[in-house]
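First the structure, in the form of structure tokens, and then the observations on it.
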Amino acid sequence: MEKLQSLRGMVDLLPAHTSLWQRVEATARDHFRRAGVQEIRTPLLEVTELFARGIGEATDVVGKEMYTFVDRGDRSCTLRPEGTASVVRAVIQHGLLSQGSQRLWYGGPMFRYERPQAGRQRQFHQIGLEFLGFADARSDVEAISIAWDLLADLGVQGLALELNTLGSTDDRARYREQLVAYLQRHKDQLDPDSQDRLERNPLRILDSKNPDTQALLADAPTLAEALAPESRDRFEQVKAGLTALDIPFTLNPRLVRGLDYYSHTAFEITSTQLGAQATVCGGGRYDGLVEQLGGASTPAIGWALGMERLVLLLEQVAGEAAVGPAPDVYLVNRGEAAEPAALTLARNLRRAGLSVELDSSGAAFGKQFKRADRSGAAWAAVLGDGEVEQGVVRLKPLRGNGEEQELPLADVDAQKACLVAIAF
RNA sequence: GCGGGCGUCGCCACGUGGUUAAGGCAGCGGCUUGUGGCGCCGCCAUUCGGGGGUUCGAGUCCCCUCGCUCGCCCCA
């Protein structure tokens, strides 16, 4: 029989790794809370048109990476490839902006039909932040600083913040014409990918890794030169703001980003330890998106952080151990009277706040102690028919030295005091 | 979508055409049916991702396929 297994690019998160994920999630929640950012949850499935219009028809994400299908009602549906479009849709749909600007975060799985690779899966997880209704350069700085501080707090080492500006929509359109005009004259020197993009998405050519193309670009008009004075000014404010917060950055004029909706500030936080997929967090300003999706013209900025990539870094850089937590107490029990009594004792200790692993095998004491030892518990609580008859439970320390204690079975407070005293 | 590498037990891993598929870890049982960690003994792949082919004979060679992996592309 064929072995059943997960779909390509869809990975299980096993118990040995979930605690690290929980730590990341808890830390992120805490940072958002302190920054006055509220959570929003949107469906994983949306009408295809949302992404086609929001992200851009010409992008790779929309063009060839979406999980799209027709449902039973003949609607074209798509598993979300990113979070921003859905958040913006929800904000418009529920009129949240009429209540004022929105500071939102989200988290969860995203889906992109790509060839799996280090740091790249078909179902992957992002945590993202969206500020809607904020135009000032300070909001760019604040958004970036939240990401930066979160990563720092988690203990990720060796990150670099790369920064660029794409200018206003007008700047971009103007520059696009200049760039296309220049590249048309040298079209034969472009690599095939870039030739293809010349029509569809010319700005992305800037990001090409092809050395010949890069050589050609050295003499091309630059985006920086095409910026209107106000755009240039705005970028200076962002840079000054980051500098004032001691957040180091490097300027990367080739940083274009793939999604159509970005304008002005674009940034990525990268690591050299991730192989080809170096971006841990990416984002930027998207002043035109809300309007493009049918809302009132609203300035906005946001970012998304790749959970798998972040966890990869935490596991290798910080040497995070991938082990499950040991219980405080392993409850060894055997006997007709002891077994039901053990169930009660386990519940009482758990109610008192301790973590208890209850052995329900009915195996010999020796076997149970062996398992108790391997569980990593600091204590074994021992309950046999003899103990039950005397109304006591024995507490035996499994780590370090210490005497076995005998305490009244009914006195959970005394048990807890004893357990907490030595081992914690 | 395009290249390269790989695919032997839950994990790690010998094996390079002859056959009884090493070993280690983990797991299970026993020595020890009321006390673990050490030790000793035993069990744990009719099978080498799947299918086809070459051969007297294939885990070992060839083809196809699936998967993993690294890179291109793309992006978180």
Side-chain angles (χ1 to χ4, degrees), chain A residues 1-3 5-11 14 16 55 59-66 80-84 107-129 147 151 191-194 196-197 201 204 207-210 255-259 262 266-271 274-284 302-313 330 332-335 338 359 361-387 394-400 404:
Chain A
M1 186 163 56
E2 189 103 6
K3 280 182 221 159
Q5 57 179 346
S6 61
L7 250 15
R8 174 157 221 208
M10 310 273 173
V11 311
L14 270 11
I55 301 172
T59 61
D60 281 25
V61 169
V62 172
K64 51 189 192 194
E65 295 174 3
M66 295 203 301
R80 64 182 188 191
E82 57 103 47
T84 302
M110 307 293 165
F111 303 84
R112 257 120 97 159
Y113 195 92
E114 297 181 272
R115 190 81 173 264
Q117 193 180 320
R120 190 170 82 185
Q121 300 165 188
R122 289 182 172 181
Q123 176 177 336
F124 61 103
H125 300 261
Q126 291 186 333
I127 289 179
L129 170 121
L151 291 166
D191 60 276
D193 275 340
S194 294
D196 199 42
R197 281 192 220 127
N201 207 346
R204 288 220 47 81
D207 208 19
S208 171
K209 283 177 191 161
N210 184 291
L255 175 59
V256 176
R257 306 204 41 82
L259 280 30
Y262 288 112
F267 72 94
E268 286 184 4
I269 298 175
T270 60
S271 165
L274 281 173
Q277 310 301 320
T279 305
V280 184
C281 178
W303 49 254
L305 184 155
M307 279 291 283
E308 282 81 1
R309 292 181 189 177
L310 174 54
V311 167
L312 230 44
L313 288 175
Y330 190 98
V332 170
N333 65 101
R334 179 163 153 95
D359 193 309
S361 67
F365 280 91
K367 280 276 165 274
Q368 294 197 41
F369 272 99
K370 195 166 276 196
R371 281 195 279 265
D373 185 57
R374 273 193 293 244
S375 77
W379 291 86
V382 190
L383 206 57
D385 286 347
E387 283 79 10
R394 292 175 191 282
L395 298 175
K396 172 176 177 157
L398 295 173
R399 323 271 131 194
E404 186 168 311

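The analysis underlying the following values was restricted to heavy atoms, covering all of them including side chains, and did not include hydrogens, waters or symmetry mates. Numbers restart at 1 for each chain; the letters A, B, ... are given by sequence-line order, proteins then strands.
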Which part of the nucleic acid, if any, lies within contact of [X], taking any heavy atom under 4.0 Å across all strands shown: a base, the sugar-phosphate backbone alone, or nothing?
{"X": "Arg120(A)", "result": "base"}
{"X": "Asp385(A)", "result": "base"}
{"X": "Gly128(A)", "result": "nothing"}
{"X": "Gly9(A)", "result": "sugar-phosphate"}
{"X": "Ala372(A)", "result": "nothing"}
{"X": "Glu308(A)", "result": "nothing"}
{"X": "Gly335(A)", "result": "nothing"}

Relative to the 5' end of RNA chain B, which residue comes earlier, Ala118(A) or Gly306(A), by the nucleotide with the nearest heavy atom?
->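 Nearest-nucleotide comparison on RNA chain B picks Ala118(A).
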Those residues that, when tested against Asp373(A), pass salt bridge (charged side-chain N to carboxylate O under 4.0 Å, His left out) (two or more places apart) |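 Arg399(A).
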Proximity to the side chain of [X] - top-ranked nucleotide from [options]:
{"X": "Phe365(A)", "options": "rC75(B), rU69(B), rU35(B)", "result": "rU35(B)"}
{"X": "Asp60(A)", "options": "rA76(B), rC73(B), rG30(B)", "result": "rC73(B)"}
{"X": "Arg394(A)", "options": "rG67(B), rC73(B), rU35(B)", "result": "rU35(B)"}
{"X": "Gln117(A)", "options": "rC73(B), rA76(B), rU69(B)", "result": "rC73(B)"}
{"X": "Val382(A)", "options": "rG34(B), rG36(B), rC70(B)", "result": "rG34(B)"}
{"X": "Tyr113(A)", "options": "rG27(B), rC73(B), rG1(B)", "result": "rG1(B)"}
{"X": "Arg112(A)", "options": "rC2(B), rG67(B), rC75(B)", "result": "rC75(B)"}

With sequence neighbours left out, which residue pairs that include part of residues 115-124 of chain A fulfil the salt bridge (Lys or Arg N to Asp or Glu O under 4.0 Å) condition?
->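 Only Glu114(A)-Arg120(A) qualify under salt bridge (Lys or Arg N to Asp or Glu O under 4.0 Å).
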Complementary nucleotide of [N], counting Watson-Crick and G-U pairs under 3.5 Å:
{"N": "rU54(B)", "value": "none"}
{"N": "rU60(B)", "value": "none"}
{"N": "rA45(B)", "value": "none"}
{"N": "rG71(B)", "value": "rC2(B)"}

Expressed in whole Å, how much space separates the [atom1] atoms belonging to [N] and [M]?
{"N": "rG18(B)", "M": "rC66(B)", "atom1": "C1'", "result": "30 Å"}
{"N": "rA26(B)", "M": "rU20(B)", "atom1": "P", "result": "31 Å"}
{"N": "rC72(B)", "M": "rC12(B)", "atom1": "P", "result": "26 Å"}

OP1 or OP2 of [N] less than 4.0 angstrom from a side-chain nitrogen or oxygen of [X], does that happen here?
{"X": "Gln277(A)", "N": "rC75(B)", "result": "no"}
{"X": "Arg371(A)", "N": "rG36(B)", "result": "no"}
{"X": "Arg115(A)", "N": "rG3(B)", "result": "no"}
{"X": "Lys367(A)", "N": "rG30(B)", "result": "yes"}
{"X": "Arg374(A)", "N": "rC28(B)", "result": "yes"}

Is there a donor and acceptor pair, one atom on the side chain of Arg309(A) and one on the base of rC75(B), closer than 3.5 Å?
->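 Flag set: donor-acceptor pair detected.
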Decide yes or no, distance alone: a donor-acceptor N/O pair under 3.5 angstrom between the base of rG34(B) and the side-chain of Glu387(A).
->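 Under the 3.5 Å cut-off, the side chain and the base do form a donor-acceptor pair.
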Using a 4.5 Å cut-off on heavy atoms from C-beta on, say whether the side chain of Leu151(A) contacts that of Leu305(A).
->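 Yes - at least one pair of side-chain heavy atoms lies under 4.5 Å apart.
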Gln368(A) (side chain) donor-acceptor with Ala363(A) (main chain) under 3.5 angstrom =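 At least one qualifying donor-acceptor pair exists.
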Between protein and nucleic acid, restricted to nucleotides 37-45 of chain B and to nitrogen or oxygen atoms under 3.5 Å apart, what atom pairs and distances do you find?
from, atom 1, to, atom 2, distance (Å)
rG37(B), O4', Asp373(A), OD2, 3.2

Can you name the residues that form a side-chain contact (heavy atoms from CB on, under 4.5 Å) with Thr279(A), not counting sequence neighbours?
->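 side-chain contact (heavy atoms from CB on, under 4.5 Å) list for Thr279(A), sorted by chain: Glu268(A), Thr270(A), Arg309(A).
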For each nucleotide in nucleotides 7-13 of chain B, reading 5' to 3', give B when a protein heavy atom comes within less than 4.0 Å of its base, S when such contact involves only the sugar-phosphate, and - otherwise.
-> -------
Contacts of Ser361(A) that satisfy side chain to side chain donor-acceptor pair (under 3.5 Å) - sequence neighbours left out =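 Once residues adjacent in sequence are excluded, the partners of Ser361(A) under the side chain to side chain donor-acceptor pair (under 3.5 Å) criterion are Asp359(A), Arg371(A).
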